[in-house]
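Shown next, in structure tokens, is the structure this report addresses.
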Protein chains: 2
Amino acid sequence: MSDVAREAGVSPMSVSNAFKRPDIVLPATRERILAVARRLGYVPNRIAGTLASGRSHVVAAIVPSIRNSSFARTIQGLGDYLTEHGYELLLAVADTPERERRAIEAVLGRRPEGIVLTGNEHPPETLALLAGVETPVVETWILGDPIIDMAVGFSLADAGYAIGTFLTGRGYRHIGFAGYAPASQRRFLERQGGFQSALREAGLRDDLLFYAEEAAGFAGGRAAVTELLQREPRLDALFCVTDIFAAGALFECQRRGLSVPGQLAIAGFGDFEIAAEIVPALTTVRTRGYEIGQAAGRLLLDRAAGGPPGGRVNVGFELVSREST
Amino acid sequence: MSDVAREAGVSPMSVSNAFKRPDIVLPATRERILAVARRLGYVPNRIAGTLASGRSHVVAAIVPSIRNSSFARTIQGLGDYLTEHGYELLLAVADTPERERRAIEAVLGRRPEGIVLTGNEHPPETLALLAGVETPVVETWILGDPIIDMAVGFSLADAGYAIGTFLTGRGYRHIGFAGYAPASQRRFLERQGGFQSALREAGLRDDLLFYAEEAAGFAGGRAAVTELLQREPRLDALFCVTDIFAAGALFECQRRGLSVPGQLAIAGFGDFEIAAEIVPALTTVRTRGYEIGQAAGRLLLDRAAGGPPGGRVNVGFELVSREST
DNA sequence: CATTCGAATTGTAGCGCTACAATCGCCCAG
DNA sequence: CTGGGCGATTGTAGCGCTACAATTCGAATG
């Protein structure tokens with residue numbers, strides 16, 4: 001910086017201002033400084049800047065996966081919002097609670113001005129770690145308690161219930177569920193619970209449940225069809241916890257020569273691109289992953305600007321009825 | 001840090017050492033320091049550490065998209081490698097050359113010890129920016145010149161040629177290509193060029209080309225089938241630039257009642273999970289995205305440790321023949 | 001022409017840590 | 001009993017920048 005200052009014939013402080021507060025430096029001076037900087041290949045050291053100002057202009061996000069398009073959309077929404085407001089995104093992928101804790105620790109060392117988490121299932125040490133710092137936290141894809149501070153999401157229980165009543169309303173009588181073991185994450189339990197309530201209210205059995213290994217994709221749907229049909233040959237509808245699962249189930253039906261929805265109706269979750277394109281097109285729940293990311297960014301930046309803690313944003317969801325049911 | 005030092009009855013320097021050089025501090029002292037740190041909720045400030053030591057222990061990656069599973073795998077591979085070696089990944093998503101330049105600029109301010117880029121198509125200002133700093137750069141998913149410094153990938157031309165000869169060898173005579181406009185990125189051109197060579201060598205026409213909008217997913221495949229069949233009703237095979245394109249093309253065939261591969265053979269690229277699951281399963285090219293990420297990390301860390309510049313790693317590819325051809 | 005005012009510019013004093021050299025204290029050989 | 005050697009610990013200086021207060025200077029005012 002001082003090299004640039006010397007070459008441009010100004011003080012280092014003016015170089016700093018030329019980059020950070022363009023409005024308070026004379027346009028001519030500013031141009032001269034920037035020209036010298038370009039010539040010398042000078043890129044301001046934000047590390048030093050952060051240390052001096054105490055503001056990192058970084059928000060960190062910790063997601064369990066980037067393969068899942070829901071989270072990919074959330075990251076995109078968050079990233080767009082942050083970039084637009086002069087912030088940067090520090091992304092960490094952590095697929096187990098232990099890795100999440102380590103990622104949070106690593107990330108805290110870089111003094112982000114906010115942290116975006118996925119879900120609200122965190123081990124006690126993680127909560128203690130977060131309680132010990134004053135960094136604002138937003139939990140996403142969940143709205144129910146316990147929330148550490150702020151949250152953005154929608155009611156997974158309502159969404160599960162909506163799909164359940166939709167299927168019972170269509171007259172299906174032996175309805176299965178394909179998902180992940182609810183013990184692992186509360187957000188799985190919520191969705192499943194809402195769905196089961198709907199079945200019980202219609203006087204139907206709610207025990208045709210199949211749990212795949214976590215991170216199972218298309219293969220999970222395939223396994224669900226295989227196992228549930230064996231347990232209940234009269235199975236006439238299946239709700240899958242993601243559209244990828246649902247597509248896997250649909251492929252398995254094609255392999256077995258089962259017509260969809262004639263012999264088995266299939267509903268998914270997420271409204272991923274494949275849902276509208278696959279044949280037959282999938283009935284699903286449209287979630288607003290991009291908006292979740294944007295809202296998370298907004299909560300955090302408002303907070304950094306002195307806003308109140310404890311914000312909650314419900315982005316809602318939407319049932320999309322297509323050919324598969 | 002000085003609070004922790006006071007409470008633990010040691011000098012700040014010992015607190016620093018307890019975290020950064022565990023081996024040179026007495027285990028008992030170290031334990032005492034860490035206990036105090038935990039009680040006080042102290043997390044070392046890596047910003048200050050980076051400024052003082054001149055080592056950020058950060059590698060930055062700039063990718064055009066995280067929705068594409070090839071890049072997602074590369075990120076995963078890079079992230080795993082870095083985490084294993086005590087480094088962190090700073091990820092930026094930039095889908096245009098202009099945004100890439102801005103992302104690189106932003107990222108350089110954080111003084112990463114290496115930068116991972118996708119492709120080798122960068123505007124002159126970007127190259128100038130990179131030339132002005134001494135940060136090592138790895139370009140991925142490409143091997144051909146011009147390479148800024150180091151590269152990891154495989155020959156896209158060979159891969160395109162392999163698919164081409166495979167299809168001609170199977171006896172197909174009117175073979176189409178669905179991809180992105182080669183003007184936008186050289187890596188698209190390479191793949192297409194290799195493919196076309198194979199067709200010409202077999203004495204076949206190589207002008208059944210369809211270009212989708214960039215970032216088109218399943219819809220791109222759908223449009224390709226529609227347009228190419230109109231231009232050439234005898235079309236009997238189609239090579240798609242990604243498996244997602246191929247799946248979209250396959251769905252369109254299902255809608256039209258065209259049998260695959262009976263009336264139209266379809267080949268994809270990438271060996272995404274869907275390729276093996278869809279019915280009929282897709283012939284495709286298996287790429288090694290995860291290995292690309294790992295190798296990129298290795299090149300960079302070796303370089304940071306004093307290794308030589310200019311490294312190239314060819315991770316190869318593999319043709320996977322399935323039911324769709 | 002002296003005075004005031006505000007915009008533009010500039011010093012100063014750290015931000016929290018680590019490299020490196022200096023120091024301390026203990027054990028053991030002579 | 002003493003000096004040397006070695007591992008553990010500790011001061012010092014500074015990384016590159018920004019907040020903030022101080023200063024400069026030209027234009028406007030009476």
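Every chain is numbered from 1 and lettered A, B, ... according to where its sequence line falls, protein lines coming before strand lines. Computed over heavy atoms, backbone and side chain alike; hydrogens, waters and symmetry mates excluded.
- Note on R312(A) versus D145(A): salt bridge recorded, some NZ/NE/NH1/NH2 to OD/OE distance being below 4.0 Å.
- Residue whose closest nucleotide on DNA chain C sits further toward the 5' end, between V43(B) and L26(A): L26(A).
- Here the C1' atom of nucleotide dC15(D) and the CZ atom of R46(B) are 16 Å apart, to the nearest Å.
- The CE atom of M13(B) sits 9 Å away from the C1' atom of dC20(C) (whole-angstrom rounding).
- Separating the CG atom of D23(A) from the C1' atom of dA8(C) is a distance of 12 Å, rounded to the nearest angstrom.
- OP1 or OP2 of dT10(C) sits under 4.0 Å from a side-chain N or O of S11(A).
- Rounded to a whole Å, the CD1 atom of I47(B) is 11 Å from the P atom of dC17(C).
- Distances from the side chain of A48(A) to the nucleotides dA8(D), dG16(D), dG11(C) place dG16(D) closest.
- Taking only side-chain nitrogens and oxygens, T29(B) comes nearer than 4.0 Å to OP1 or OP2 of dT9(D).
- At a threshold of 4.0 angstrom between heavy atoms, the contacts of G54(A) with the nucleic acid are absent.
- As a whole-Å value, the separation of R30(A) CZ from dT9(C) P is 12 Å.
- Contact annotation for P44(A): backbone-only contact, meaning every heavy-atom pair under 4.0 Å involves sugar-phosphate atoms and none involves a base.
- Between E113(B) and R303(B) there is no salt bridge, since no side-chain nitrogen of the basic residue lies less than 4.0 Å from a carboxylate oxygen of the acidic one.
- Closest to the side chain of S14(A), out of dG16(D), dT12(C), dT9(C), is dT9(C).
- One atom, CZ of R21(A), and another, C1' of dT10(C), lie 15 Å apart when rounded to the nearest Å.
- Salt-bridge formation is not detected for the pair R73(B)/E291(B): no Lys NZ or Arg NE/NH1/NH2 atom is positioned less than 4.0 Å from an Asp or Glu carboxylate oxygen.
- The nearest heavy atom of DNA chain D to L51(B) and to I24(B) marks one nucleotide each, and the one closer to the 5' end goes with I24(B).
- Rounded to an integer number of Å, the gap from CG of N17(B) to C1' of dT18(C) is 9 Å.
- Using a 4.0 Å heavy-atom cutoff across all strands shown, Y42(A) reaches sugar-phosphate atoms only and no base atom.
- The nucleotide whose nearest atom lies closest to any side-chain atom of N45(B) is, among dA19(D), dG16(C), dT9(D), dG16(C).
- Look at NZ on K20(A): it is 13 Å from C1' on dA19(D), rounded to the nearest Å.
- Between S16(B) and dC17(C) there is no side-chain N or O to OP1 or OP2 distance below 4.0 Å.
- You'll find that the side chain of V10(A) is closest to dT10(C), out of dT18(C), dT9(D), dT10(C).
- Under the 4.0 Å criterion applied to side-chain N and carboxylate O atoms, R101(A) and E98(A) are assigned as salt-bridge partners.
- At least one donor-acceptor pair closer than 3.5 Å links the side chain of T140(A) to the backbone N or O of L117(A).
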